[in-house]
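Inspection log for the structure reproduced underneath, given as structure tokens.
From a predicted model like this one, the values you see are computed outputs, not experimental measurements.
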Amino acid sequence: MNFNIIGKMNHKIIISIVVVFSTLISACTEIKKTELVAQQQTIIFDRKHWQNLADHGFPEGYLELGKIAELSTNEKHLALKHYQQAYDLGYEPAAYYLARYYYNNHQDPEAIELAKKWTIIAAKQGNTGAYLLYADIQISDKNTTKNTASALQIYRDLASHGNASASTRLAKFYEKGLHVKKDKEKALEYYRLALSQENIESELDIGRFYTYGYAVETDFNKAENIFLRFAKSNNSQAAYLLYKLYQRQFIIEKKPVLKKSYDWLNIAAYQGYIPAKLQQVNLKLAKKPNNIELIIQELKKLSNLNEGKASYQLGRLINTQNTLYPQKEELKYYQLAYQQGYEISAFRIAEYYFNHQENQQDLLDAQHWQQIAAQQNSDDSLFLQAQFMLTGSSGWQPNSVKAIEILQRLSKQGMKLASKKLAKIFEAGIHTDKDFQQALFYFERAASQGDITAKLNAADYYAKGLGTEKNWPHAEEILLHYGNAGYDKAAYLLAKNYEQQAIAVGGKIPEKAIHWYQISAKKNNSSARLKLATLKLEGQGLPQDIKKAKEELYFLSEQGIADASFLLADHYSKIDHDDIQALHFYQLAFIQGSRKPVPILAELYQQGNGIIKQSTRESYINLANTGNTNSAYLLGILDDALLKPKSALVWYKKAANSGHVEAQLAVINNYKKSGNTQAANDWLLKAVKTKNGMALLQYGKALFWGQKMKTDKIQGLAYALSASRLHVRNAVATSLLFMETLNNVVKIERANQLSKTLID
């Protein structure tokens, strides 16, 4: 490192001198300020006090006015002026604040160069913080003349001379593999050094290492003692770390600490710790909530607090709700997340442009963001890169060998997502040979890294003897433990294994299997609910109740469960002999992703079975052209399956124009996916006029939130209430959300009256 500021002096000597004398220099420069504060007897950030000093020619007044302005959104630009005034009046410490201002508040290369200039001036004055800032600038992506080696050398020199901030930076770098090769032992060494240098927060990081066994043996007691000491002093990060600790202890040692875990999570969230609030949202999502919009609103609040991960999750969630939000919303939140420092968003921005190419610029944008993403070396970024390599999606070349190598490295370093992904790859035999032994190995590794579902998958392997010798007692012990702890998947796997064991010896489904299916179903496990509905439908193990079974299958079908739609179709076809309803649910199961209906639909396509009277596509087209809306809609589905979206849209439109409800929604979704929001809204309005319940709900949301149309909250609520009167799924929850947001009795009553006229 060479600052070129004090001749040819060795930089280590300079730093030694700086560390020894910086306290003395700082004390001298503070004497005048201390006297002034004593005279005034006012708090330090009193604007009038500092303005008065500035007006009387004291440069310290300008410096403090600059600090106050920098904290204000509206007056931030004044900070630079005040710092410059302080420096011009001979107050040298202002140089550091000028450097910091240029670096923190500007992105352009010219500003970064100015930041470096003022940092060097401040360093020449003996300001230790200036050396640290110079290193930060050297290593920053903002700096076009980035010099990582120089920055790291400064950090190491400062750390060796007692600078805790430098020690902490190095610890983070080694822990995450940023700018250096990942090395947990080095990271722990620097965390301990920072702690010895009176950075007490570093002890929390040491506690994390004891929690996860990074560079030390896992020791939950040591970690707990550290976290509790901080948490009892209202440290919200420590409270959150206790939540993580008890979660891990529950998995590994099977200790009954779940309640304590969630109690500390709630405390951390109540204290305003954003990662805790984000985790609460994630837990709600994991329970498959009926009203996703409430979750989206919570994420928006966190996004507004400059939380990049929340913005990223908003983009991902909106991606799954593409019928409710314009596609640009997804991109907007990925871009915001990247601006907020969540760099993995670069992958999603590239993916978005690749998937929504409309012109040459979109392709160039996709390639630009892909290059940015490819340079990222964080674990999350590498994991996503491996995912794209596996599928050859979003412009990445397929390379399963390299992808698996990346995942194996991440798994070894402790990433449970990578371990679980590898387990699924070896289990399915996709991208590599099927290998249950390897799958079990990675499920167990993911379990040791804190993934409970992976532990349940491993237990299921022991139950079946996959990749290992069969060991039902061991599997049963694990599944019972987690089943009794309230995990729906554990209850479902118990039930399934009890059922399979009974059937294998020619027995009937046992009561204990029914018992665990019912427990799992109460936790809203869709597979358990589907199984119980099937048993009721067939009268096996439960009294036959076709009406209740159908009601449950209808509900699951509406939730997008393809097997429920297929079961309904089969029942209508083989028992009720209702070919129209059968065709509808076979089509729906196909749309929901099941391949089971394909041969049945092909047979209907060829033979008719009372629905289609002729056997050729031409005749089928003739039927559609003579007004058979089911034929037109089915042609749309078949062309969709053949990846002919333009042809599919033609047939969907034909059926939709004749009032076919599903076809109307298919047209709307087709336009939304292509990014043609105006056409989607035009068709949405047409569907509303036919009193299509789902369209009423979608239109209400668009009006209420002002999505590509003028906001009208009363009308929006009215349409949502109309949809609820037609028993549309999620309409009631959406209406309640709208009423809570509107919070006006008179307006709500007006919307209620209007809703009645919309469907009468």
Going by atom types only, do [X] and [Y] share a side-chain donor-acceptor pair under 3.5 Å?
X    : Y    : answer
H368 : Q371 : no
N235 : Q271 : no
T211 : R248 : no

May I ask you to establish whether K142 and Y103 are in a cation-pi arrangement, using a distance under 6.0 Å from NZ or CZ to the six-membered ring centre and at most 45° from the ring axis?
->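 Positive - K142 is close enough to the ring of Y103 and near enough to its axis.
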Salt bridge or not between [X] and [Y]? Use side-chain N to carboxylate O under 4.0 Å.
X    : Y    : value
R100 : E70  : yes
K420 : D451 : yes
E351 : R348 : yes
E64  : K67  : yes

From CA spacing to verdict: side chain to side chain contact (heavy atoms under 4.5 Å, CB included), K146, T148 = CA-CA 6 Å; K146 182 175 176 178; T148 302; 3.7 Å; yes
Rounded distance [0.5 Å steps], CD in Q279 versus OH in Y243 |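 If I round to the nearest 0.5 Å, the distance is 3.5 Å.
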Distance (rounded to the nearest 0.5 Å) between K332 NZ and S311 OG |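 These two atoms lie 9.5 Å from each other.
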So, do K76 and N105 sit near enough that their side-chain heavy atoms are less than 4.5 Å apart?
->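 Result yes, sub-4.5 Å side-chain heavy-atom pair found.
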What is the ring orientation for Y338 with W369, classed by angle as parallel under 30°, tilted 30 to 60°, or perpendicular over 60°?
->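 Taking W369 first and then Y338, their aromatic rings stand perpendicular (interplane angle over 60°).
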Just one of N163, N199, D205 clears the side chain to side chain donor-acceptor pair (under 3.5 Å) bar with T168, so which one?
->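 Answer after filtering N163, N199, D205: N199.
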Under the criterion ring pair (Phe, Tyr, Trp, His ring centres under 6.0 Å), which of Y62, Y96, Y101, W118 is the partner of Y87?
->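 Checked Y62, Y96, Y101, W118 against Y87; only one passes ring pair (Phe, Tyr, Trp, His ring centres under 6.0 Å): W118.
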Indicate yes or no for a side-chain donor-acceptor contact from E198 to the backbone of A164 under 3.5 Å, with no hydrogens or angles considered.
->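 Checking the backbone N and O of A164 against the side chain of E198, no donor-acceptor pair under 3.5 Å is found.
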Look at the side chain of E224 and the backbone N and O of L245, then say whether any donor-acceptor pair between them is shorter than 3.5 Å.
->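 No; zero donor-acceptor contacts below 3.5 Å.
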Check side chain to side chain donor-acceptor pair (under 3.5 Å) between K182 and all other residues, then give those that pass, not counting sequence neighbours.
->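 With neighbours one apart ignored, the set is D379, Q413.
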Stepwise, does the side chain to side chain contact (heavy atoms under 4.5 Å, CB included) test hold for E343 with D380?
-> CA-CA 9 Å; E343 294 186 343; D380 287 342; over 6 Å; no
